[in-house]
**Student:** 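Have a look at this one before I ask anything.
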Amino acid sequence: MTRCWRLNMHELSICQALIEQVESIARENEALAVKTIWVQVGPLSGAEIPLLEHAYPVAAAGSVAEDAELILEHMPVKVRCRSCGGESEAAPNRLVCGQCGDYHTDLISGDEMLLARLELDKLTH
Amino acid sequence: MCDTCGCNITHGNAHLVTNDGKLAQTEDGKSAVTVLKNLLSENDHQAAHNREHFDRRNILAINLMSSPGAGKTALLEATIDALGDQIGIAVIEGDLETENDAERIRGKGVSAIQISTGSACHLDAHMVHDALHHMDLDGIDVVFIENVGNLVCPASFDLGQHRNITLLSVTEGDDKPAKYPVMFRAADLVLLTKCDLLDVLDDFEPARAEHYLRHLASEAPLFNIAARRSIDIDEWTDWLINEINAQRDRAERHETLRPNIQPEGAALHTASAHEHEHGQHHHDHGHDHKHS
């Protein structure tokens with residue numbers, strides 16, 4: 001169980017960073033509340049979606065995003081081959097080209113941990 | 001981190017920006033804001049500041065990561081024994097509790113700061129920054145940051161280092177790179193430690209460990225080492241001396257280097273990236289990111 005506890009600490013600190021960003025954007029936009037938060041997470045970011053979901057309410061409590069819905073979008077792992085130029089989906093631990101099998105690839109998706117989008121409740125004029 | 005030029009926009013999220021633009025109004029007065037900002041951008045900002053701090057002093061910073069007990073501190077002890085009279089070394093130690101590792105380093109006559117993380121499973125850029133305030137970096141060529149023993153979390157946090165080294169001890173199993181891809185993908189160098197035990201371990205194949213590492217699209221060199229016996233240490237010390245010289249050259253040219261750790265967008269930018277306004281952006285996926 002030690003690992004689960006550690007991961008939770010990890011995801012909690014990520015969620016705290018998320019809430020700080022959300023609060024700052026809400027302030028900039030003079031929002032009354034945050035309704036929805038879209039976050040993109042790839043398996044190679046090091047963050048686990050179920051653990052982010054568990055940690056989020058703890059981090060959000062008492063913030064402008066307290067009642068916001070968190071939508072975690074799972075990003076696929078994709079690579080582009082430096083040898084044949086092909087693009088293919090890959091497993092997180094096997095980033096080889098799906099077309100020619102070469103391991104000289106660049107990751108083009110799958111390591112995201114991004115705050116993508118916010119829906120804010122604003123004063124209507 | 002760069003949030004102005006759009007380098008965070010990947011194949012996976014481009015539709016968010018192209019469909020609605022930066023700010024899209026929805027019905028009933030709600031406002032949708034497209035952000036595309038790395039969740040750890042605050043940490044990354046502090047890390048860039050740390051890296052500038054090292055660069056101004058021509059110091060190479062190395063982040064050592066591994067599972068607990070893989071031999072990070074033993075590697076440092078052997079390195080001090082081998083190179084301590086040639087290069088200036090300082091060490092930042094991260095552990096949940098105790099000063100034990102820092103005391104081992106100090107026992108070798110090298111200054112060490114211990115960060116006790118309490119319950120935190122990794123070091124972050126802010127902890128390293130605080131530690132730097134307590135260090136005398138005069139005459140120092142290399143700062144080793146010994147991260148918390150953990151193959152999961154430390155890979156996600158940039159500390160301001162130039163290079164990541166991941167240790168894999170041969171008692172752990174040669175499929176560790178396949179089991180912990182995030183960690184091993186972040187490595188600029190992998191050290192197979194405790195290799196003097198290979199003779200009695202019939203289930204660890206160094207070639208298999210390298211095979212799994214290559215499958216992470218990693219070209220990182222992989223060296224065998226047995227630090228406690230101070231054998232097979234030359235490859236490692238040669239690499240280190242080369243890196244120290246390369247860092248000196250880079251710093252003199254006012255260039256810097258990020259380790260192989262960051263998501264694609266973030267990896268392209270260094271310290272002052274957020275101040276730039278980029279018209280066009282070129283996605284070069286090398287490790288050397290030159291900002292003059």
Side-chain angles (χ1 to χ4, degrees), chain A residues 3 5-10 13-15 17-18 20-22 25-26 28-29 31 35-36 38-47 73 75-76 78-80 82 87 90-96 103-125, chain B residues 8 10-13 16-17 20 23-26 28-43 117 119-122 124 148 150 152-157 175 177-186 211-219 262-267 283 285:
Chain A
R3 173 138 291 138
W5 168 76
R6 286 188 173 186
L7 278 168
N8 268 318
M9 283 304 300
H10 178 50
S13 55
I14 291 168
C15 283
L18 166 67
E20 278 171 30
Q21 275 189 25
V22 168
I25 293 163
E28 280 168 28
N29 287 277
K35 307 300 284 183
T36 320
W38 283 269
V39 169
Q40 300 179 338
V41 186
L44 287 169
S45 70
E73 194 182 346
M75 305 302 284
K78 285 186 190 164
V79 295
R80 184 188 297 127
R82 288 187 204 172
E87 292 181 8
N93 63 1
R94 204 160 182 278
L95 303 175
V96 298
Y103 77 82
H104 295 94
T105 64
D106 292 317
L107 194 77
I108 54 174
S109 166
D111 60 354
E112 298 88 349
M113 186 160 52
L114 295 177
L115 170 55
R117 194 174 167 89
L118 290 178
E119 190 182 35
L120 306 171
D121 228 350
K122 295 181 78 167
L123 278 172
T124 45
H125 297 290
Chain B
N8 278 337
T10 67
H11 279 231
N13 63 32
L16 281 170
V17 224
D20 296 310
L23 253 173
Q25 203 75 20
T26 58
D28 63 29
K30 289 196 188 70
S31 180
V33 186
T34 299
V35 187
L36 293 178
K37 195 171 179 184
N38 192 313
L39 295 192
L40 296 176
S41 59
E42 186 59 34
N43 180 77
T117 60
S119 57
C121 46
H122 57 268
D124 67 27
V148 177
N150 178 349
V152 184
C153 317
S156 303
F157 292 84
D175 58 351
K179 288 177 172 167
Y180 298 89
V182 180
M183 171 60 69
F184 283 92
R185 206 171 75 85
H211 169 83
Y212 285 123
L213 180 69
R214 298 295 166 239
H215 275 187
L216 303 177
S218 168
E219 295 176 47
Q262 292 297 300
E264 190 185 48
H283 268 225
H285 213 278

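Values reported hereafter were calculated over all heavy atoms of this structure, with side chains retained and with hydrogens, waters and symmetry mates removed. So you know, we letter chains A, B, ... as the sequences are listed, proteins then strands, and number each from 1.
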**Student:** Out of B/Asn43, B/Asp124, B/Val182, return the one with the most heavy atom pairs under 4.5 angstrom to chain A.
**Tutor:**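 Most heavy-atom pairs within the cutoff with chain A belong to B/Val182.
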**Student:** Could you give the distance from OG (B/Ser41) to CE (A/Met113), rounded to the nearest 0.5 Å?
**Tutor:**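 So the OG of B/Ser41 and the CE of A/Met113 are separated by 10.0 Å.
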**Student:** What part of A/Leu44 gets closer than 4.5 Å to chain B, counting heavy atoms only: side chain, backbone, both or neither?
**Tutor:** both
**Student:** Examine distances only and state if a side-chain atom of B/Ser156 and a backbone atom of A/Ser45 form a donor-acceptor pair shorter than 3.5 Å.
**Tutor:** yes
**Student:** Write down the atom of A/Ile14, the atom of B/Leu39, and the distance for their closest heavy-atom approach.
**Tutor:**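 Between these two residues, the closest heavy atoms are CG2-CD1, 3.6 Å.
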**Student:** Please find the pair of heavy atoms, one from A/Pro92 and one from B/Pro181, that lie closest to each other, and give the distance.
**Tutor:**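 Nearest pair, atom of A/Pro92 first, then B/Pro181: O-CB, 3.4 Å.
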**Student:** So which of B/Glu42, B/Glu219, B/Lys179, B/Met183 has the largest heavy-atom pair count under 4.5 angstrom toward chain A?
**Tutor:**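 Looking at each of B/Glu42, B/Glu219, B/Lys179, B/Met183 in turn, B/Glu219 comes out on top.
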**Student:** Let me know if A/Val39 has heavy atoms under 4.5 Å from chain B in its side chain, its backbone, both or neither.
**Tutor:**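 For A/Val39, side-chain heavy atoms alone lie under 4.5 Å from chain B.
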**Student:** Would the distance check show the side chain of A/Gln21 and the main-chain N or O of B/Asn38 forming a donor-acceptor pair, the cut-off being under 3.5 Å?
**Tutor:**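 Pair found, side chain donor or acceptor close to backbone of B/Asn38.
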**Student:** Would B/Leu36 and A/Gln40 count as a side-chain contact (heavy atoms from CB on, under 4.5 Å) if you check the C-alpha gap in whole Å, the side-chain angles of each, and the deciding distance to 0.1 Å?
**Tutor:** CA-CA 9 Å; B/Leu36 293 178; A/Gln40 300 179 338; 4.3 Å; yes
**Student:** Are A/Tyr103 and B/His211 an aromatic pair by the rule of ring centers under 6.0 Å?
**Tutor:**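 No; B/His211 has its ring centre 6.0 Å or more from that of A/Tyr103.
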**Student:** Between CG of B/Leu213 and CG of A/Asn93, what distance do you get to the nearest 0.5 Å?
**Tutor:**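 If we round to the nearest 0.5 Å, B/Leu213:CG and A/Asn93:CG are 12.0 Å apart.
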**Student:** Could you tell me if the side chain of A/Leu95 sits less than 4.5 Å from the side chain of B/Arg185, heavy atoms only?
**Tutor:**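 Yes - at least one pair of side-chain heavy atoms lies under 4.5 Å apart.
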**Student:** As an exercise, state the distance from OG1 of A/Thr105 to CG of B/Leu216, rounded to the nearest 0.5 Å.
**Tutor:**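 Rounded to the nearest 0.5 Å, the OG1-CG separation comes to 9.5 Å.
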**Student:** Side chains of A/Glu28 and B/Val33: closer than 4.5 Å at any heavy-atom pair?
**Tutor:**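 A/Glu28 vs B/Val33: side chains apart.
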**Student:** Would a 4.5 Å heavy-atom cut-off, applied to side chains only, mark B/Lys37 and A/Ile25 as touching?
**Tutor:**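 No; the side chains remain at least 4.5 Å from each other.
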